[in-house]
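Here's a structure for you.
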Amino acid sequence: MVKVTVDGTEIEVEPGSTVLQACEQAGVEIPRFCYHERLSIAGNCRMCLVEVSPGPPKPAASCAMPVGEGMEIKTDSDMVKKARRGVMEMLLINHPLDCPICDQGGECDLQDQALLYGFDRSRFAENKRAVPEKEFGPLIKTEMTRCIHCTRCVRFATEVAGVEELGATGRGELMEINTYVGGAVSSELSGNMIDICPVGALTSKPFAFTARPWELRKTESIDVMDAVGSAIRVDTRGREVMRVLPRLNEEVNQEWISDKTRFAYDGLKRQRLDRPYVRRNGKLEPATWDEAFAAIAHAVGVLDGTAMAAIAGDLADCESMVALKDLMTELGSPHIDCRQDGAKLGGAARAAYLFNTTIAGIDEADACLIVGANPRKEAAIINARLRERWLRGGFPVGVIGEDADLTYRIAHLGAGPETLAAVARGDHEFCNRLEAAERPMVILGSGAVARDDGAAVLAAARSVAERFGCVNEDWNGFNLLQRAAGRVGGLEAGFLPAGGGRNVAGILAGAGAGEIGLVWLLGADEIDTDALGAAFVVYQGHHGDAGAHRADVILPGAAYTEKDGTYVNTEGRVQRARAAHFPLGDAKEDWAIIRAFSGVIGKTLPYDSLGELRARMVEVNTVFASLDQVIAARWEEFGTPGEMGSAPFVSPVANFYMTDPISRASVTMAKCTEMAAGGGERTGTDG
């Protein structure tokens with residue numbers, strides 16, 4: 001440890017720490033614009049100047065200077081104050097007086113620091129510089145005249161997002177930040193540049209001029225656009241979500257979120273189901289809750305329990321799935337399933353469907369084999385964590401499947417199961433990398449186990465993990481990369497066919513053959529609704545998507561921002577989403593709808609409150625009692641060894657921006673889709 005003195009207080013810091021980090025450890029806040037703890041050091045804003053002795057007889061940039069034994073640091077001396085005031089004066093020479101109309105107002109680092117170090121007039125008499133606006137796409141609004149050239153956005157794009165599309169051109173006063181080819185930023189993490197911009201040069205284009213930060217009600221919640229479970233903050237005004245921002249969670253998303261998480265919120269106010277509907281004479285017509293329940297009760301009354309089934313969708317919360325499972329059990333139906341894609345997962349072997357390494361555990365791995373997955377599309381935050389680990393070196397990555405740009409160097413081993421079989425036998429050259437690794441990891445895509453040969457693929461991946469030491473006493477390197485927020489929760493809750501029950505394929509086949517007379521869809525929109533035949537369909541959800549179009553009765557549920565719900569992310573972490581506002585119209589929380597209907601048909605479920613239902617969830621699986629924790633799964637046999645097909649592995653996510661009813665209803669995501677299809681040109685992207 002190194003002993004240094006900060007403003008008269010002696011502390012010990014790690015060798016190699018910077019002066020700025022030492023000051024932060026001592027509880028002294030140092031102003032900065034270019035420095036960011038997750039980016040490389042640039043040292044170009046000079047706002048973090050401090051006085052150091054022994055050292056140069058002038059202020060030193062604390063972000064770029066390493067500490068030394070016995071160093072004395074002064075952060076509030078006259079020299080420091082004068083130097084910082086001089087830097088602030090230089091920064092404000094060309095800065096426009098946009099504060100009253102700037103979207104960064106109230107959350108602007110420059111505004112905050114100018115309050116402390118600014119002056120009430122300027123000695124600069126020449127005309128201010130003006131910079132033409134840039135086109136970064138449908139998500140980022142630019143006001144580059146405000147740019148102070150901190151280069152945070154450039155470093156983020158290059159280092160974290162892995163998309164080297166931003167850079168600085170020109171010198172001195174003529175310097176500008178722009179995309180090299182004049183097109184939109186193509187990263188799925190680009191919105192994070194808005195957060196790290198210390199001025200109003202980069203702001204949210206969808207949020208621009210819609211609200212002020214102090215007008216908004218802020219609610220801490222969890223993202224459901226994928227299975228990562230990123231920590232988010234939902235800002236609302238009344239019953240409208242105005243924006244979604246990241247929260248710090250080092251174990252999951254650090255401080256980043258994907259663009260879909262951040263910008264798909266406008267889909268929450270479009271194509272919404274806000275009242276019950278009943279199909280009469282072939283046409284869906286508005287109805288009351290009593291009429292909707294009566295129609296379902298009539299259909300249930302004429303059917304045997306074995307002729308009823310339920311399918312849970314990708315956005316379903318654990319409370320509603322447990323309630324629906326209990327309802328179907330009361331009705332005598334074993335036909336329930338949460339695996340819309342037909343994945344060969346579930347049962348007692350939890351290790352088969354979890355990201356066992358954990359997201360933070362990626363930092364400890366030293367080799368990786370990706371099978372049938374595209375992490376960049378299926379879990380952008382996990383892909384960023386993989387890139388972060390790859391940048392440190394000593395992390396070879398092999399891919400079996402699509403030869404996609406994952407933002408880090410990969411070895412494309414092959415396209416299909418024959419390559420996986422070769423690795424499992426030890427006949428592939430990449431096996432040498434896995435054998436040399438102390439903590440190798442395997443990432444198996446959820447799409448790879450949704451194939452007809454999914455059970456055999458799962459068994460082969462397990463064989464690879466066992467052969468190359470991916471699993472031992474203190475390390476589990478076998479990972480199933482889920483992509484649906486409700487999938488792991490459904491598997492943990494046992495929302496699976498009971499003895500003799502049908503899975504999704506069996507339910508659809510039975511409905512088409514007339515053997516299943518009623519199908520309850522809990523937000524299930526990713527199935528082939530045409531295969532439901534003449535079955536009576538109850539759709540419970542919040543968007544008028546595929547399931548609602550086929551429904552005979554629609555029960556309007558609450559979206560994830562409108563209810564307190566439990567979700568389990570891909571690593572098995574139990575998390576809680578919080579209601580940011582009340583449901584729209586007559587919509588209700590999903591578990592409450594199911595509980596109310598159970599009373600109508602005389603099968604009343606034994607819980608009247610959310611607390612009682614969550615106690616029931618713990619009875620179903622004790623995992624639900626461990627909030628925000630990852631309970632390690634026991635390693636055991638899973639998968640069914642057998643012949644694998646010859647078809648290549650293909651990621652199930654064709655369009656990153658539209659994967660669920662919310663994002664499909666989003667105008668912003670539609671613009672992103674159009675931009676991606678057009679190769680990122682400027683045309684057609686301006687909102």
Side-chain angles (χ1 to χ4, degrees), residues 343-358 361-375 382 386 389-390 394-403 406 409-451 453-482 570-572 632-649:
K344 311 305 185 288
L345 298 170
R350 294 182 67 236
Y353 57 79
L354 295 182
F355 201 92
N356 297 284
T357 300
T358 72
I362 293 173
D363 298 343
E364 302 176 27
D366 52 4
C368 181
L369 175 66
I370 300 175
V371 181
N374 184 333
I382 291 179
L386 289 168
R389 174 62 188 90
W390 174 80
F395 188 64
V397 180
V399 173
I400 302 176
E402 297 174 331
D403 187 10
L406 299 182
R409 188 177 299 114
I410 64 170
H412 186 241
L413 312 182
E418 64 280 356
T419 307
L420 176 60
V423 174
R425 295 193 304 268
D427 294 340
H428 199 282
E429 60 181 359
F430 193 77
C431 295
N432 297 329
R433 299 292 188 94
L434 295 175
E435 288 176 347
E438 295 183 3
R439 291 193 164 189
M441 62 186 296
V442 174
I443 299 178
L444 180 62
S446 58
V449 296
R451 300 156 41 117
D453 59 354
V457 171
L458 183 62
R462 176 178 58 80
S463 176
V464 170
E466 293 175 341
R467 182 185 184 97
F468 296 105
C470 293
V471 182
N472 52 51
E473 290 183 1
D474 62 344
W475 177 255
N476 189 336
F478 179 85
N479 302 286
L480 198 290
L481 184 62
Q482 301 283 1
T570 186
E571 57 183 352
R634 186 177 70 253
W635 188 255
E636 51 191 309
E637 295 286 325
F638 53 80
T640 305
E643 197 70 27
M644 293 183 287
S646 59
F649 294 122

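Along the sequence shown, residues are numbered consecutively beginning with 1. Side chains are part of it too, since the values below use all heavy atoms of this structure and drop only hydrogens, waters and symmetry mates.
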Heavy-atom pair of closest approach, residues Ala448 and Leu444: CB-CD1, 3.8 Å
Leu413 vs Leu369, side chain to side chain contact (heavy atoms under 4.5 Å, CB included): CA-CA, chis, key distance, verdict: CA-CA 10 Å; Leu413 312 182; Leu369 175 66; 3.6 Å; yes
Under 3.5 Å: donor-acceptor pair, side chain of Asp427, backbone of Ala422: no
Spacing of Thr570 atom OG1 and Leu481 atom CG [to the nearest 0.5 Å]: 5.5 Å
Expected output: side-chain Asn479 to main-chain Gly477 donor-acceptor under 3.5 Å: yes
Verdict with reasoning, Val464 to Cys470, per side chain to side chain contact (heavy atoms under 4.5 Å, CB included): CA-CA 8 Å; Val464 170; Cys470 293; 5.7 Å; no
Heavy-atom side-chain proximity of Arg451 to Pro417 below 4.5 angstrom: yes
Distance (rounded to the nearest 0.5 Å) between Ser446 OG and Leu345 CG: 8.5 Å
Residues, nucleotides or ligands: over 12 heavy atoms within 6.0 Å of Arg433 CZ: no
Nearest heavy-atom neighbours spanning Gly398 and Phe430: N-CZ, 3.3 Å
Crowding at CD, Glu435 (>12 non-hydrogen neighbours, <6.0 Å): yes
Sequence neighbours excluded - salt bridge (Lys or Arg N to Asp or Glu O under 4.0 Å) pairs with any residue from residues 347-357: Arg350-Glu492
From Glu637 atom CD to Arg462 atom CZ, the distance as rounded to the nearest 0.5 Å: 4.0 Å
Between Glu466 and Trp635: side-chain donor-acceptor atoms closer than 3.5 Å: yes
Taking every non-hydrogen atom, the tightest pair across Pro440 and Gly469: CD-O, 4.0 Å
Closest non-hydrogen atom pair, Phe395 against Asp366: CD1-C, 3.7 Å
Backbone of Gly394 reached by a side-chain donor or acceptor of Arg389 within 3.5 Å: yes
Side chain to side chain contact (heavy atoms under 4.5 Å, CB included) assessment of Ile382 paired with Phe355: CA-CA 11 Å; Ile382 291 179; Phe355 201 92; 4.2 Å; yes
Check: Thr357 side chain, Asn476 main-chain N or O, donor-acceptor pair, under 3.5 Å: yes
Any donor-acceptor N/O pair, Trp475 side chain to Met441 backbone, under 3.5 Å: no
Test log, rule side chain to side chain contact (heavy atoms under 4.5 Å, CB included), inputs Val423 and Phe468: CA-CA 10 Å; Val423 174; Phe468 296 105; 4.1 Å; yes
Heavy-atom closest contact (Asn374 atom, Glu402 atom, distance): ND2-OE1, 4.1 Å
Inter-residue atom distance Asn356.CG - Arg634.CZ, 0.5 Å rounding: 12.5 Å
Check: Val397 and Leu406 side chains under 4.5 Å, non-hydrogen atoms: no
Interatomic distance, His412 atom NE2 to Thr419 atom OG1 [nearest 0.5 angstrom]: 7.5 Å
SB check Asp474 Arg439 (cutoff 4.0 Å): yes
Leu354 to Ala633 - nearest heavy-atom pair and separation: CD1-CB, 4.2 Å
